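The basis for the numbers below is simple: all heavy atoms, side chains too, and nothing from hydrogens, waters or symmetry mates. Predicted, not measured: the structure shown is a model, and the values here were computed from it.
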Amino acid sequence: MGFFWKLQKVSAGRGIRQGLVDSAISVLHCACEAEAELCSIATVGDIGSTQKVMKKEKVSILNSQGLKLVGELEDTGSKDLCVLCHGFQSSKELPTFVSVSKALTESGFSTYRFDFTGNGESNGEFAYGNYWREAEDIRSVVNYWRYRGWRVISLIGHSKGGNAVLLYASKYKDVASIVNISGRFDLRRGIKGRLGGSKGVQKLKEDGVLDVYDRNGNFEFRVLKSDLDERLATDMHKACLAIPEHCSVLNVHGSADEIVPAEDVHEFGKRIRNNVVHVIDGADHNYKLQQQEIARLVADFVRSIPRPPLRASL
């Protein structure tokens, strides 16, 4: 008999079921700031009397600089955890990630979506570039959950987050799988489009600082020349070659990506030893019309990866 997760709303007034919900809440503890929200129950297979409570809670984690990273844990009861990492000027609420998280929890995994330093609800200042800083944010998240007995089985990143999870794997070599969704291989490309063209880049080089505004004249973010230098010094070729063979990587891209060229996915594929390349026909950078396809693809990939032993990271 096959097993699957089926989510359904908790109905008030159902005595035994509500008792299970209340019991789950009463034993929930978190060492950091956390706001628990009971959101659904999961029924396993065809055994209608067997129920597990899936809990959502906002969990804040301190990074290596003492800044608070805010994320949302979706706890299915499994200690197998997938960490989802957003892209440039985005957040944990990216619709693509909400869809991917749903597919993963329906497959039985727990997930944690969080905001990088200076993004979303997290503390700190937003910074252009800083790819390695975001890899260190991931390190803080991974260590936090491992110390608490969870098994981080996959790091999943979109766009700039895809670069961050690959950089993490190249340095720490301690995760079983990586999913790189629409990451950019050549970080020398795409700069002018973000910084107001050649004039903006030249002004940044001359003045050492550049304020970027949107088309309506609203301030977006400030770039320092050191931010640009850090981006240009981030070598994805070298990082890909350093990812160990025991780490399985899924590189996925949309054929109609309007931000990062689709050919970049093949550059990753040429250099990473143990990887799969998948191009979703017609998909843009955020997979607006292919939410279910990207979610199913990621969940199927994570399910295929052998589980590493539970461990604590030093």
Subject >> Tyr287 and Gln292 side chains, donor-acceptor separation under 3.5 Å >> reply: no
Subject >> Gap between atom CH2 of Trp145 and atom NZ of Lys79 - 0.5 Å precision >> reply: 8.0 Å
Original post:
Any side-chain heavy-atom pair from Leu81 and Leu73 closer than 4.5 angstrom?
Top reply: yes
Original post:
Under a 4.0 Å N-O cut-off, is there an ion pair linking Asp80 with Arg303?
Top reply: no
Original post:
So is Arg194 actually on top of Tyr128's ring, under 6.0 Å and inside 45° of the axis?
Top reply: no
Original post:
Do Lys160 and Tyr131 meet the cation-pi criteria used here (NZ or CZ under 6.0 Å from the six-membered ring centre, within 45° of the axis)?
Top reply: yes
**OP:** Kindly say whether Leu224 contributes a backbone atom to a donor-acceptor pair with the side chain of Asp227 at under 3.5 angstrom?
**Re:** yes
**OP:** Starting at OG of Ser101, measure out to NZ of Lys92 and round the result to the nearest 0.5 Å.
**Re:** 12.5 Å
Subject >> Phe126 ring center near Phe88 ring center (under 6.0 Å) >> reply: yes
Subject >> Side chain to side chain, Asp186 and His237, heavy atoms closer than 4.5 Å >> reply: no
**OP:** Determine whether Phe268 and Leu166 make a side-chain contact, defined as any pair of heavy atoms from C-beta on separated by less than 4.5 Å.
**Re:** yes
**OP:** Decide, yes or no, whether a salt bridge links Asp229 with Lys225 under the criterion of side-chain N to carboxylate O below 4.0 Å.
**Re:** yes
Original post:
Can Lys270 and Glu267 be counted as an ion pair, charged N to O under 4.0 angstrom?
Top reply: yes
**OP:** Determine, stepwise, if the pair Thr117 / Asn63 fulfils side chain to side chain donor-acceptor pair (under 3.5 Å).
**Re:** CA-CA 9 Å; Thr117 298; Asn63 69 5; 3.1 Å; yes
Original post:
Can you tell if the side chain of Lys58 reaches within under 4.5 Å of the side chain of Glu121, non-hydrogen atoms only?
Top reply: yes
Subject >> Flag side-chain contact, heavy atom, 4.5 Å: Leu104 against Thr76 >> reply: no
